[in-house]
Chemist: 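Handing you a structure now.
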Amino acid sequence: MDWGALQDILGGVNKHSTSIGKIWLTVLFIFRIMILVVAAERVWGDEQQDFVCNTLQPGCKNVCYDHFFPISHIRLWALQLIFVSTPALLVAMHVAYRRHEKKRRFRNGEKIDIEELKTEKFHIRGPLWWTYTGSIFFRIVFEAVFMYVFYYMYDGYQMPRLVKCDAWPCPNTVDCFVSRPTEKTTFTIFMLAVSAICMMLNLAELCYLVIKICMKDSRKTTVLK
Amino acid sequence: MSWGFLRDLLSGVNKYSTGIGRIWVAVVFMFRLLVYIVAAENIWKYEHDEFECNTKQPGCENVCFDHFFPVSHIRLWALQLIMVSTPSLLVVFHVAYRENREKHRNQKLYKSPGQIDGGLLCTYLVSIILKTGFEVVFLVLFYKLYNGFKVPRLVTCDIRPCPNTVDCYISKPTEKMIFLYLLVATSCLCILLNLSELSYLIFKYSIKCYLKRYIKKHQGLKSNCHKSNIICDNRQAAAGHFHHSSLSLSLNIQDECGKSSLLP
């Protein structure tokens, strides 16, 4: 079980998404998950091993590393990607529920084409519109929360070359050197930029859905008149 | 989930590519992606561990490594592969949009949604231009970051906390250099393939456009000739004694028609 499982789950949601939703999904897979797996994980791979402190005191390096990196960037990104993908499951569940309802009606004697039921694409209307819009709203909230958590935890988005540590059992203020700080800063900024792009896409999709439903309502009222 | 995703993506794009486009996909798979996965990744795997400086000062190696390799070659290579493959998605999206439109209107709007014509041709050309742009940008980035494509055996470093100017040794410099040159060569080959595909498409579709316009013009002229022949015959019948002038008139028109049919 790995990121491929997420791809299978979200691939099903893709059918019922808007065009902007499909672009968002592509950006998520190519510029976030793929970059995380093939590049970022290697950069952070040796982070503790190559975290070097200017002391021979046993335990000092461990304590300092833990103090400055309570949770690694890589783990935070993995969590962010999972949380941001999860609202799409709401849509998948809603669609599954509607299919189940149709199957139930078929069993009760109503005439429904089974083949059509399997491949039917549900339009984003009615209750599904609320579920879909809600999922986009939660996505935006999760993205913003994680961006803030990154900023708060690491005092900005830059990885320092040198950190000074005086936690026990370090004998005094000790210089500790982070491995590959420039490369890590580059990837942090890259992932931040792509998060921002994903947020913009979600906002655009939200506006599009709201405008669409307003225009539909106004058309209905003019027809009724 | 890793490079397999990119491989599936490119295989999907292959369907809508021209012949040169398929050669490009093959070059990217065999000479770039496969070389990266089976060889290059292992060469750069322990680059940090095997980077050794002639000092026992803690932190000096870290700082010197960071100074000389701000972004590792292998990461730039991976980013280049991803960015260069992504513009092909534009074509996939456009084809999906066309298929969607046909489904919505329940009528055949295009000869085949994947055929390169009209708007899809523009999208395809834009994707080729973007691919070429990304290749050039990454080559320039490599050149600027590492002062060329050479990997030195020894670098000298005097950044704090190194106590003085310290000698640092890079691991496997020759092997890294060979693979870098391979990367540059395959990038240049891909740029050439993209440029030839671009010229081929522009040339092919301009000729098509020109021929269409010429045929329309020619057909328009032929129908004019046919009309004027009828008019001349009518005049002949009506006037009678204006035989010579109308004959010369019809001859003139016939000459023009003859000229236009001789033109290639």
Chemist: Does any heavy atom of chain B fall under 4.5 Å from the side chain of A:Cys53, the backbone, both, or neither of them?
Modeler: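 The answer is the backbone of A:Cys53.
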Chemist: Should the heavy atoms of other residues, nucleotides or ligands under 6.0 Å from CG of B:Leu154 be counted, would the total exceed 12?
Modeler: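 Atom CG in B:Leu154 is packed in, count exceeds 12.
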Chemist: Between B:Leu79 and A:Ile35, is a side-chain contact (heavy atoms from CB on, under 4.5 Å) present by the stated rule, with each step listed?
Modeler: CA-CA 8 Å; B:Leu79 279 173; A:Ile35 295 278; 3.4 Å; yes
Chemist: Just verifying a value: how many Å separate B:Leu6 CG and A:Ile30 CD1, rounded to the nearest 0.5 Å?
Modeler: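 B:Leu6 atom CG to A:Ile30 atom CD1 measures 7.0 Å (nearest 0.5 Å).
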Chemist: For B:Arg153, is the CZ atom crowded, meaning more than 12 foreign heavy atoms sit under 6.0 Å from it?
Modeler: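 Check fails, neighbour count at 12 or below.
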Chemist: If you look at every heavy atom in A:Phe177 and B:Pro161, which pair is closest and at what distance?
Modeler: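 Scanning both residues completely, I find the closest heavy atoms to be CZ-CG, 3.1 Å.
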Chemist: With a 4.5 angstrom heavy-atom cut-off, is it the side chain or the backbone of B:Ile37 that approaches chain A, or both, or neither?
Modeler: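 Looking at B:Ile37, nothing touches chain A.
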Chemist: Show your working on side-chain contact (heavy atoms from CB on, under 4.5 Å) between B:Leu9 and A:Met34 and close with a plain yes or no.
Modeler: CA-CA 12 Å; B:Leu9 175 80; A:Met34 212 172 145; over 6 Å; no
Chemist: Against chain A, label B:Phe68 side chain, backbone, both or neither, depending on which of its atoms sit under 4.5 Å from a heavy atom there.
Modeler: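 Answer is neither: B:Phe68 stays 4.5 Å or more from chain A.
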Chemist: Heavy-atom cut-off 4.5 Å, strictly under: side chain, backbone, both or neither for B:Ile74 against chain A?
Modeler: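 B:Ile74 has no heavy atom closer than 4.5 Å to chain A.
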Chemist: Are side-chain heavy atoms of B:Thr86 and A:Thr26 found at a separation under 4.5 Å?
Modeler: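 No; the side chains remain at least 4.5 Å from each other.
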Chemist: Step through the shown structure and confirm whether more than 12 heavy atoms of other residues, nucleotides or ligands are within 6.0 Å of CZ on B:Phe29.
Modeler: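 Yes, because the 6.0 Å sphere around CZ of B:Phe29 holds more than 12 heavy atoms from other groups.
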Chemist: Counting heavy-atom pairs closer than 4.5 Å to chain B, which one of A:Ala39, A:Pro181, A:Ala40, A:Cys176 comes out on top?
Modeler: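 Top option by heavy-atom pairs under 4.5 Å: A:Pro181.
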Chemist: State, with a plain yes or no, whether a side-chain heavy atom of A:Thr182 is found less than 4.5 Å away from one of B:His67.
Modeler: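 With C-beta onward as the side chain, the pair stays apart.
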Chemist: Should we say atom CD of A:Gln57 is surrounded by more than 12 heavy atoms from elsewhere, each under 6.0 Å from it?
Modeler: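 Enclosed: over 12 neighbouring heavy atoms sit under 6.0 Å from CD of A:Gln57.
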Chemist: Less than 4.5 Å apart, side chain to side chain, heavy atoms only: is that true for B:Glu61 and A:Val52?
Modeler: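 B:Glu61 vs A:Val52: side chains apart.
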Chemist: Which one wins on heavy-atom pair count under 4.5 Å against chain A: B:Ser85, B:Ser72, B:Pro70?
Modeler: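 Top option by heavy-atom pairs under 4.5 Å: B:Pro70.
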Chemist: Measure the shortest side-chain to side-chain distance between B:His48 and A:Ser179 over non-hydrogen atoms and say whether it is less than 4.5 angstrom.
Modeler: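 Yes, close enough: below the 4.5 Å cut-off.
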Chemist: Which atoms form the tightest heavy-atom contact between B:Asn62 and A:Asp50, and what is the distance?
Modeler: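 Closest heavy-atom pair between B:Asn62 and A:Asp50: ND2-O, 2.7 Å.
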Chemist: If you define the side chain from C-beta out and look only at heavy atoms, does anything of A:Arg42 sit under 4.5 Å from B:Lys45?
Modeler: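 When only atoms from C-beta onward are counted, B:Lys45 and A:Arg42 do not touch, as no gap falls below 4.5 Å.
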Chemist: Please name the residue in the list A:Lys184, A:Arg180, A:Arg161 that meets the salt bridge (Lys or Arg N to Asp or Glu O under 4.0 Å) test with B:Asp66.
Modeler: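 Only match with B:Asp66 under salt bridge (Lys or Arg N to Asp or Glu O under 4.0 Å): A:Arg161.
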Chemist: Starting from the C-alpha separation in whole Å, work towards a yes-or-no answer on side-chain contact (heavy atoms from CB on, under 4.5 Å) for A:Glu183 and B:Phe69.
Modeler: CA-CA 8 Å; A:Glu183 204 165 2; B:Phe69 300 105; over 6 Å; no
Chemist: Counting only heavy atoms not in B:Tyr46 (residues, nucleotides, ligands), do more than 12 fall under 6.0 Å from its OH?
Modeler: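 No, OH of B:Tyr46 has 12 or fewer neighbouring heavy atoms, counting only those of other groups under 6.0 Å.
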Chemist: Please classify the contact of A:Leu162 with chain B as side chain, backbone, both or neither, using a heavy-atom distance under 4.5 Å.
Modeler: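 It is the side chain, since no backbone atom gets that close.
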Chemist: For B:Glu52, does the CD atom have more than 12 heavy-atom neighbours from other residues, nucleotides or ligands under 6.0 Å away?
Modeler: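 Not buried by this count: 12 neighbours or fewer within 6.0 Å.
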Chemist: With a 6.0 Å cut-off (strictly less than), is the heavy-atom count around OH of A:Tyr157, excluding the residue itself, greater than 12?
Modeler: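 Buried by this count: over 12 neighbours within 6.0 Å.
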Chemist: Would you say CZ of A:Phe83 has more than 12 non-hydrogen atoms from neighbouring residues, nucleotides or ligands within 6.0 angstrom?
Modeler: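 No - once you tally the heavy atoms of other residues, nucleotides and ligands closer than 6.0 Å, there are 12 at most.
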Chemist: State, with a plain yes or no, whether a side-chain heavy atom of B:Tyr97 is found less than 4.5 Å away from one of A:Ser19.
Modeler: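 No; the side chains remain at least 4.5 Å from each other.
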